[in-house]
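In listed order, ligands and their atoms are each counted from 1. Quick caveat, the model's predicted, so the values are computed rather than measured.
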Amino acid sequence: MVRFTVLASGSKGNSTVVTGGKTRILVDAGLSCRELFRRMKLADEDPATLDAIIVTHEHSDHVAGLAVTARKLGIPVYFTEPTHRAWVRWLSPRKQMTYAQWLEQCRQQAAARMAEADAASADDCDPEEIETLADLTAKQEDSSTTDSTPAQKKKKKSEAERDPTALPVVHYFQAGKPLQIGDISVSPFTIPHDATDPVGFVFQAEGVRMALATDLGYIPPNVKAQLKSVDLLLLESNHDLEMLRDGPYPWSVKQRVLSRVGHLSNEACATYLEAEYDGQATYIVLGHLSESNNLPELARISAERALNGRASLLANRLLLAPQHEPLTSICF
Ligand SMILES: [Zn+2]
Ligand SMILES: [Zn+2]
């Protein structure tokens, strides 16, 4: 059984359940735990059967319900190490910076990193693929595997209550280095976005490949390489350029969204679908649509035109991932 259920997509929260074989992974937890569980039930997904949570990046629309959900289910969370650190720093009450200052710092770091990646992209090489590092386990130990006395358990519980960043287990992964979670193979890849170490994923189970790429300013060569030969493509179609330019956002925010580390426009999504996409997917899901600077119909028409008659019930079937309700599960 391979299944892909988008619970929410957009700047008010992102979360998707990927099922392969006997394994279920929650990709991002950008809604409250209560709302995530409510939507899972609506979509016929049982929260109690989740095996792990994996995180794309530390922006609040991807992690708002992360700690509570992981603690409630007692399941491990997979991060890149920089993303975990950034998330901890963001939740830490002792933080010295405002979130806006910290975001600006991340934006600058990401821009510098992508400039380096661009310089190295002549041979389509992701610089992070060169590095090798064994999977690391964070200092939090799996409390379920140690036999604690009731008093110790109580102490652990109160520690979790005091520390909003406490998680049952943390596993680290690296962009460019595939990992296995139960029956699902996961290939994380770097995306250009103003977070500390943002990634997209290709999930593979039972021969089915599903790609998830939202929150990216443009589609660099390493991402194009990952999006080849997928059966399902969840791609960002964030804003209509004209609506964003004429819309309500302050100039600085418009610049951020439009930047190389911002979000993918309908136009950029369409350019990719028309010129580069290999036409192999059964499903194309447009995601992370802006509620202020886009309309579902604009995103759909733009992508339909780009697919130029290739969209049908059998191939390149076009779906839109909503913000406020789950998208009907996609089964293979
Ligand atoms: Zn986002
Ligand atoms: Zn983001």
If you draw a 6.0 Å radius around CD in Gln255, do more than 12 non-hydrogen atoms from other residues or ligands fall strictly inside? yes

dist Thr282:OG1 -> Asp231:CG (nearest 0.5 Å) comes out at 5.0 Å

For residues Gln204 and Ser187, is any side-chain donor paired with an opposing acceptor at under 3.5 Å? no

Below 2.8 Å, which protein N, O or S atoms neighbour the Zn ion (ligand 2), ignoring water? His57 NE2, His59 ND1, His193 NE2, Asp215 OD2

Quick check: is Val6 connected to Met210 through a chain of hydrophobic side chains (ILVMFWY, heavy atoms under 4.5 Å apart)? yes

Any chance the side chains of Asn14 and His59 put a donor and an acceptor closer than 3.5 Å? no

Does one side chain, of Asp51 or Thr23, offer a donor that lies under 3.5 Å from an acceptor on the other? no

